[in-house]
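Worksheet for the structure shown next.
As the structure is a computational prediction, the values presented were derived from the model and not from experiment. Basis for what follows: all heavy atoms, side chains included, without hydrogens, waters or symmetry-related copies. Remember, it's 1-based here, ligands and their atoms both numbered in the order they're listed.
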Amino acid sequence: MIVMKFGGTSLGSAERIRGVAERVRERQSRAPVVVVSALGGITDLLVRGAQMALARDPGAEELRLRILHRHHELLQELFPSGAVRERLHLYVEAIGLELDTLYKGVHFLEELTPRSLDAISGMGERLSFEIVAAALDAYGVPSVAIDARRVIVTDESFGRAQPLMDETASRVRETISPLLENRRVPVLGGFIGATRAGVSSTLGRGGSDWSASVVGSLLPAEEIQIWTDVDGMLTVDPRAVPDAKLIPEVTFEEAAELAYFGAKVLHPATIKPAVERGIPVRVLNSMNPSAPGTLITAVATTAGGEPRAIAFKKGITVVLISQPRMLMAHGFVARVFEAFDRHRTPVDLIATSEVSISLTVDDPERLAAIQADLSLLGEVRVLRGMAIVSVVGRGFIRRAGLAGRIFHVLQEVNIVMISFGASDVNVSFVVAEEDAERSVRLLHREFFEGGRP
Ligand code: ADP
Ligand code: ASP
Ligand code: MG
């Protein structure tokens, strides 16, 4: 058994969906389970529409129609005629009506809770899995569409719900395993699940990878394949540096670190269930299927000490708390972290001095409340519009000269904060957003392009 997950980038057009069918057909003898994202860009539109509905902006209706139109158009291209197309047209219309009801609810109540947003943002996957299953079938791959909300059972933390593995395991046994035994290809939407009470939830943006890994680890699959629009994990985001190079193998630890620091090709949580069961994950290009891709393994096969990739993440906020009088009196650091904990906001990087602490947060939603709490402890400053740039690898602590090379290359860039040595696998620092791409390019040139100017 294998799990094949196709991201939105692989589902943009009828042509691409035919490519997906081809990839699945080639692997039919390995009993594939297919997990699909929403069509590229649809989740963004759904969320934007919800925000517009909240603001009572009539543009929400335009977005809704645009979303439906994209799906109808795709059906037209995929199934030029016949009963299947008719059925799917009606299905898209039904989801469209549901979306209309939800947008209206948000509009009139002027309230958009994480729970309602999940019901809305998950509609992209509810549309795509039915379409892809029918397309596979039409392509001669016998497939069955399965609503992932019947399979992935989650807790109630809407917006980033956690799969409940025991309950999900029995659902996988009941719904997916019998299909595989009958040589059918189960096709399910990623990203979505439902609580024990049956309320729709989502695993957080980019969460289809996680769905694939949850299903893959429970089957268990012999391999989890993440099909996307690049050749694999690359030494840097190719959108920032066109000269990015393929990384043939990385360890789970490196991949998690890369994902965490912004190499968005993989959702960070993907790695965990797969590592726990020792299942290899492979990142592959659906547009270039003969490329070997990147294999993510449990054990390192390359020597440590050299950087493996550069990652960056924008939209970071730096919070500086200083308390000169306390000279970091004992308990100060604990109280600072308590404030973040109380407001359930994770902290990424930390740097301390005698009288101050700087830290970064990714999610500024509860920042005002945190700031109010922190102002009781000392003077607080907040810097928005920052970026974290990370050099990721292994065995960094024993590596002489690495920090020197990094900071030599970046001598022209204003570095706001540095985190070095906290982990053996990355060196990270904070720069202003507008310096992020330049820093990334300079580092990539130094470590991956032989330092040429
Ligand atoms: P999908 O729709 O398949 O889930 P994503 O947009 O989530 O696709 O992830 C693929 C994208 O991740 C690529 O198009 C690429 O621009 C971006 N990316 C960022 N960092 C990296 C990296 N280090 N290696 C490969 N891709 C990366
Ligand atoms: N469609 C969802 C998103 O855009 C999940 C995914 O693509 O992984 O975030
Ligand atoms: Mg993705």
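Scanning all protein heavy atoms for the shortest distance to atom 4 (O) of ligand 2 gives Arg205 NH2, 2.9 Å. In terms of protein heavy-atom proximity, atom 6 (C) of ligand 2 is closest to Ser208 OG, 3.3 Å. In terms of protein heavy-atom proximity, atom 7 (O) of ligand 2 is closest to Ser37 OG, 3.1 Å.
A donor-acceptor contact closer than 3.5 angstrom is absent between the side chains of Gln28 and Glu26. Residues Asp435 and Asn414 have side chains that never bring a donor and an acceptor to within less than 3.5 angstrom of each other. For the 3.5 Å distance criterion, the side chains of Glu446 and His408 fail to qualify, holding no donor opposite an acceptor. Between the side chains of Ser116 and Thr113, at least one donor-acceptor pair of N or O atoms lies under 3.5 Å.
Salt bridge status for Glu174 with Arg150: absent, with no side-chain N to carboxylate O gap under 4.0 Å.
For ligand 2, the atoms lying closer than 4.0 Å to a non-hydrogen atom of Thr43 are 1 (N), 2 (C), 3 (C), 4 (O). Counting the atoms of ligand 2 from 1 in the order shown, those under 4.0 Å from a heavy atom of Phe191 are 2 (C), 5 (C).
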Show which side-chain atoms of residues 311-319 pair as donor or acceptor with protein atoms under 3.5 Å away, not counting sequence neighbours.
from	atom 1	to	atom 2	distance (Å)
Lys313	NZ	Tyr260	O	3.0
Lys313	NZ	Asp362	OD2	3.1
Lys314	NZ	Glu437	OE1	3.0
Lys314	NZ	Glu437	OE2	3.3

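Residue Glu125 touches ligand 2 through its side chain alone, judged by heavy-atom distances below 4.0 Å.
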For ligand 1, find each of its N or O atoms that sits under 3.5 Å from a protein N or O atom, and tabulate the pairs with distances to one decimal place.
from	atom 1	to	atom 2	distance (Å)
ligand 1	2 (O)	Gly8	N	3.1
ligand 1	2 (O)	Thr9	N	3.2
ligand 1	2 (O)	Thr9	OG1	3.3
ligand 1	3 (O)	Thr9	OG1	2.9
ligand 1	3 (O)	Thr228	OG1	2.8
ligand 1	4 (O)	Lys5	NZ	3.2
ligand 1	6 (O)	Lys264	NZ	2.7
ligand 1	7 (O)	Lys264	NZ	3.4
ligand 1	8 (O)	Thr228	OG1	3.3
ligand 1	14 (O)	Asp229	OD1	2.8
ligand 1	14 (O)	Asp229	OD2	3.3
ligand 1	16 (O)	Asp237	OD1	2.9
ligand 1	16 (O)	Arg239	NE	2.7
ligand 1	16 (O)	Arg239	NH2	2.9
ligand 1	23 (N)	Leu234	O	3.0
ligand 1	24 (N)	Leu234	N	2.9

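Closest approach of Ser201 and Ala194 over heavy atoms only: OG-N, 3.5 Å.
No heavy atom of Gly190 sits closer than 4.0 Å to any atom of ligand 2.
For the pair Gly206 and ligand 2, the shortest N or O to N or O distance falls below 3.5 Å.
A 4.5 Å side-chain heavy-atom check between Leu188 and Ile176 finds at least one atom pair inside the cut-off.
Residue Thr154 is tested with Val199, Leu203, Thr202 for a side chain to side chain contact (heavy atoms under 4.5 Å, CB included); the sole match is Leu203.
In this structure, CG on Leu102 lies 11.0 Å from CG on Leu97, to the nearest 0.5 angstrom.
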